[in-house]
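Heavy-atom basis, side chains included; hydrogens, waters and symmetry copies ignored.
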Amino acid sequence: MKGSNPDPTLVAHRAAGSVLPHVDVERAVRLTQEVCRIPSILGEEGTLASFIAQELEDSGFERVELQEAIPGRPNAVGELDFGTGPRVVLTGHMDTKPVSQGWTEAEPFSGALIGDQVFGHGIMDMKAALACQIVALEALQRSGVPLGGSVAFAAVSDHMGDQRGSIAYFDTHPADLCVLGELSDNEVFLGHRGRYYFDVTILGRSAHTCHKHDAVNANVLGAQAVLALDRSRLEPPLPRGVADLFGAETYIVPGRVYGGLPPGGPSMIPDECVIRVDCRPQPGVDTEQVRAEINRCLREAAAADSRFAADVTLADVKDGYLADPGDLVVRLMVEAVRQVRGTEPALVAENWLGDTASFGRKVPTVIFGPGGAPVYCADEHLTVADIHEATRAYAVFAALALTGRAPAARQPEIAGVGDG
């Protein structure tokens, strides 16, 4: 009937049917191999950024730019414009951790295709997702589906540092919806824990090693703190449903310990020991709750040695992120996966930290990407089928987001904490 609103489910089927034939899944595999061949360990993202920017140029993206987030470490960004409507972003990070030891099946930067698996350092976190997102948007461009709005792509640097790439991008590029391509095993992730760093500084009294009994060894006092912090099992009050997604415990871990002079230095008993305490709070747990638990642990250490004294400094804050299952961006991603896979995806959360810690408050975001645990291990690989499915899901998501029709809300199935 003229003027009636089409069934959103029918709209979703039509959008998927129109864009999916244009998804070149084999190109997605080849592009994944190519990005895996370019090392981009944290601090060395520039070469990969230049490669991606050229791919965007060659594919007809507009406003392609190497955005100078950090000197020598730019973001690679571009977008496609389909007229008036929402602005949607697909994003992910280029930087990786250092290479793990023990590779035997392939070289870390080979991008080797062995059977139905592609091997490459950082393929799951998250080079494959970047390749899949680019190819998905190429399909959207070719499809001719009537769309309104724009869709952008942003490959960012420094995720494993201070997330300066994401901060720079979303400070200058507003968006209405976003998909972060962190590894989710192609399920739909609602969010992740945060990260608080506290530095505990323990003071002793120095002396020459020959005068051991005139000193108070800060490292010995620090050992008491390490043991007490490791025993922490903080279970703070949580907002409704958060414990189901993330578990009850806020993780508090004594991480790096700095005490004493460097090797080759003079003989001196250390008068300072600094413990970096790595805390992973669930969404809704604030820094003061965690600080109170650290102070409790330090009182326990002081009870074991009366000489113990320490100062606590909050060194860094990265917030957790949690989308509501009913949010439009979540419903669109769920519908996209349903159209591609034919079954309902799980709604999950993770314990690692995503760039949504820095931009999630600005842009409604859902997390979706190929690959899962274990990651950053020898012979890291991803199946061709996972690459194909992720590329198709990204393409359908973008098509749905720019049709102006939201899928109907359904009762979500919350699966709990992810395994990554």
Asker: Strictly by modelled atom types, are S40 and K127 linked by a side-chain donor-acceptor pair under 3.5 Å?
Answerer: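 Looking only at side-chain atoms, K127 and S40 do form a donor-acceptor pair, the distance falling under 3.5 Å.
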
Asker: Can you pull the salt bridge (Lys or Arg N to Asp or Glu O under 4.0 Å) pairs that have at least one residue in residues 135-158, sequence neighbours excluded?
Answerer: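 The answer is R27-E138, R73-D158, D158-R164.
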
Asker: Compare every heavy atom of D176 with every heavy atom of P86, then report the nearest pair and how far apart it is.
Answerer: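 Between these two residues, the closest heavy atoms are CA-OD2, 3.4 Å.
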
Asker: Got F189 and E182 here, is their nearest side-chain heavy-atom distance under 4.5 Å?
Answerer: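 A side-chain contact under 4.5 Å is absent here.
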
Asker: Distance from R37 atom CZ to E34 atom CD, nearest 0.5 Å?
Answerer: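 R37 atom CZ to E34 atom CD measures 6.5 Å (nearest 0.5 Å).
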
Asker: Can you sort out the partners of L234 under side chain to side chain contact (heavy atoms under 4.5 Å, CB included), two or more places apart, ordered by chain and number?
Answerer: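 Checked L234 against side chain to side chain contact (heavy atoms under 4.5 Å, CB included); matches are S232, P236, T250, I252, E293.
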
Asker: So which atom in L80 and which in G60 form the shortest heavy-atom distance, rounded to 0.1 Å?
Answerer: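 Closest approach of L80 to G60: CD2-O, 3.9 Å.
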
Asker: Tell me, please, which residues at least two apart from D95 pass side-chain hydrogen bond (donor to acceptor under 3.5 Å, both in side chains).
Answerer: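 Partners of D95 under the side-chain hydrogen bond (donor to acceptor under 3.5 Å, both in side chains) test: none.
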
Asker: Establish, yes or no, whether the cationic atom of R276 lies under 6.0 Å from the six-membered ring centre of F198 and within 45° of the ring axis.
Answerer: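 Verdict for F198: no cation-pi partner in R276.
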
Asker: Can you find a pair of side-chain heavy atoms, one from V334 and one from E344, that are under 4.5 Å apart?
Answerer: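 They are in side-chain contact.
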
Asker: State, with a plain yes or no, whether a side-chain heavy atom of V151 is found less than 4.5 Å away from one of L402.
Answerer: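 Result yes, sub-4.5 Å side-chain heavy-atom pair found.
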
Asker: Is there a donor-acceptor contact under 3.5 Å from the side chain of R193 to the main chain of L353?
Answerer: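 Here the side-chain-to-backbone pair does not exist.
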
Asker: Sequence neighbours left out, what passes side chain to side chain contact (heavy atoms under 4.5 Å, CB included) with S358? Give chain and number order.
Answerer: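 If we apply the side chain to side chain contact (heavy atoms under 4.5 Å, CB included) test to S358, skipping adjacent residues, the hits are Q163, I167, K318.
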
Asker: Counting C-beta onward and ignoring hydrogens, is there a side-chain heavy-atom pair between V29 and H388 closer than 4.5 Å?
Answerer: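 In short, these two side chains touch, coming nearer than 4.5 Å.
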
Asker: Quick one: salt bridge (Lys or Arg N to Asp or Glu O under 4.0 Å) pairs with a partner in residues 370-387, sequence neighbours left out?
Answerer: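 Listed by first then second residue: nothing to list.
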
Asker: Classify the ring geometry between F170 and F359 as parallel (under 30°), tilted (30 to 60°) or perpendicular (over 60°).
Answerer: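 Aromatic pair F170/F359 classed parallel.
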
Asker: Give the ring-plane orientation class for H93 versus H159, where under 30° counts as parallel, over 60° as perpendicular and anything between as tilted.
Answerer: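 Parallel: the ring planes of H93 and H159 meet at under 30°.
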
Asker: Looking at every heavy atom in both L332 and F397, which two are closest together, and how far apart are they?
Answerer: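 The pair with the smallest heavy-atom distance is CB-CE1, 3.5 Å.
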
Asker: If you measure from CG on L113 to CD on Q33, what distance do you get to the nearest 0.5 Å?
Answerer: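 Answer rounded to 0.5 Å: 5.0 Å.
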
Asker: Just by modelled atom types, is the G326 backbone N or O under 3.5 Å from a matching donor or acceptor in the R331 side chain?
Answerer: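 Pair found, side chain donor or acceptor close to backbone of G326.
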
Asker: Would you say E62's side chain and D81's backbone share a donor-acceptor pair under 3.5 angstrom?
Answerer: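 Yes; judged by distance alone, with no hydrogens or angles, the pair exists.
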
Asker: For the side chain of D327 and the backbone of D324, is there at least one donor-acceptor N/O pair under 3.5 Å apart?
Answerer: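 Checking the backbone N and O of D324 against the side chain of D327, a donor-acceptor pair under 3.5 Å is found.
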
Asker: D278 side chain to V253 main-chain N or O, any donor-acceptor pair under 3.5 Å?
Answerer: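 Such a contact is absent between D278 side chain and V253 backbone.
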
Asker: Determine yes or no for a side-chain-to-main-chain donor-acceptor pair under 3.5 angstrom, with E45 supplying the side chain and G43 the backbone.
Answerer: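 Yes.
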
Asker: Just verifying a value: how many Å separate Y258 OH and C273 SG, rounded to the nearest 0.5 Å?
Answerer: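 If I round to the nearest 0.5 Å, the distance is 11.0 Å.
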
Asker: Work out which heavy atom in G161 is nearest to a heavy atom in L42; give both atom names and the distance.
Answerer: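 Between these two residues, the closest heavy atoms are N-CD1, 3.8 Å.
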
Asker: M94 versus V156: any side-chain heavy-atom pair under 4.5 Å?
Answerer: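 Side-chain contact under 4.5 Å: no.
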
Asker: Please answer whether the main-chain N or O of A152 pairs with a side-chain N or O of E79 as donor and acceptor at a distance below 3.5 Å.
Answerer: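 Not confirmed, E79 side chain does not pair with A152 backbone.
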
Asker: If I compare all heavy atoms of F308 with all of L221, which pair ends up nearest, and what's the gap?
Answerer: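 Taking F308 first and L221 second, the nearest heavy atoms are CE1-O, 3.5 Å.
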
Asker: Holding to side-chain hydrogen bond (donor to acceptor under 3.5 Å, both in side chains), I want the full list of residues that pass it with S18, two or more places apart in sequence or in another chain.
Answerer: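 So S18 forms no side-chain hydrogen bond (donor to acceptor under 3.5 Å, both in side chains) with any residue.
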
Asker: State, yes or no, whether a side-chain contact exists between P283 and Y321 at a heavy-atom distance under 4.5 Å.
Answerer: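 Not touching, per the 4.5 Å side-chain cut-off.
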
Asker: According to side chain to side chain contact (heavy atoms under 4.5 Å, CB included), who are the partners of L227, at least two apart in sequence or on a separate chain?
Answerer: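 In terms of side chain to side chain contact (heavy atoms under 4.5 Å, CB included), with neighbours along the sequence ignored, L227 is linked to R231.
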
Asker: Going by the rule side-chain hydrogen bond (donor to acceptor under 3.5 Å, both in side chains), which residues pair with Q289 if we only count those two or more places apart in sequence or in a different chain?
Answerer: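 Q289 satisfies side-chain hydrogen bond (donor to acceptor under 3.5 Å, both in side chains) with no residue once adjacent residues are dropped.
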
Asker: Out of curiosity, I275 CD1 to I294 CD1, how far, rounded to the nearest 0.5 Å?
Answerer: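 Rounded to the nearest 0.5 Å, the CD1-CD1 separation comes to 10.0 Å.
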
Asker: Got a sec, which residues hit side-chain hydrogen bond (donor to acceptor under 3.5 Å, both in side chains) with E389, two or more places apart in sequence or on another chain?
Answerer: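 Only N186, R341 meet the side-chain hydrogen bond (donor to acceptor under 3.5 Å, both in side chains) criterion with E389.
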
Asker: Short question: side chain of S59, backbone of L56 - any donor-acceptor pair under 3.5 Å?
Answerer: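 Flag not set: sc S59 to bb L56 has no pair under 3.5 Å.
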
Asker: Measuring from atom NZ of K97 to atom NE2 of H121, what distance do you get when rounded to the nearest 0.5 angstrom?
Answerer: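 K97 NZ to H121 NE2: 9.5 Å, rounded to 0.5 Å.
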
Asker: Tell me every residue that passes side chain to side chain contact (heavy atoms under 4.5 Å, CB included) with E107, counting only those two or more places apart in sequence or in another chain.
Answerer: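 If we apply the side chain to side chain contact (heavy atoms under 4.5 Å, CB included) test to E107, skipping adjacent residues, the hits are S110.
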
Asker: Where do L298 and A225 come nearest, in terms of heavy atoms and distance?
Answerer: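 Taking every non-hydrogen atom into account, CD2-CB, 4.0 Å.
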
Asker: Could you name each residue pair satisfying salt bridge (Lys or Arg N to Asp or Glu O under 4.0 Å) that touches residues 392-401, not counting sequence neighbours?
Answerer: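 Qualifying pairs: none.
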
Asker: Does N75 reach the side chain of S157, with side-chain heavy atoms less than 4.5 Å apart?
Answerer: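 N75 vs S157: side chains touch.
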
Asker: For the CZ atom on R296, are there more than 12 heavy atoms of other groups (residues, nucleotides or ligands in this structure) within a distance under 6.0 Å?
Answerer: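 Check passes, neighbour count above 12.
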
Asker: Show which side-chain atoms of residues 361-377 pair as donor or acceptor with protein atoms under 3.5 Å away, not counting sequence neighbours.
Answerer:
unit_1	atom_1	unit_2	atom_2	d
R361	NH1	D319	OD2	2.7
K362	NZ	D171	OD1	2.2
T365	OG1	V363	O	2.8
Y376	OH	D125	O	2.7

Asker: Are the side chains of V312 and R291 in contact, using a 4.5 Å heavy-atom criterion?
Answerer: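 Yes; the side chains approach each other to less than 4.5 Å.
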
Asker: Enter the distance from W103:CH2 to F109:CZ here, rounded to the nearest 0.5 Å.
Answerer: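 Going from CH2 on W103 over to CZ on F109, the span is 8.5 Å.
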
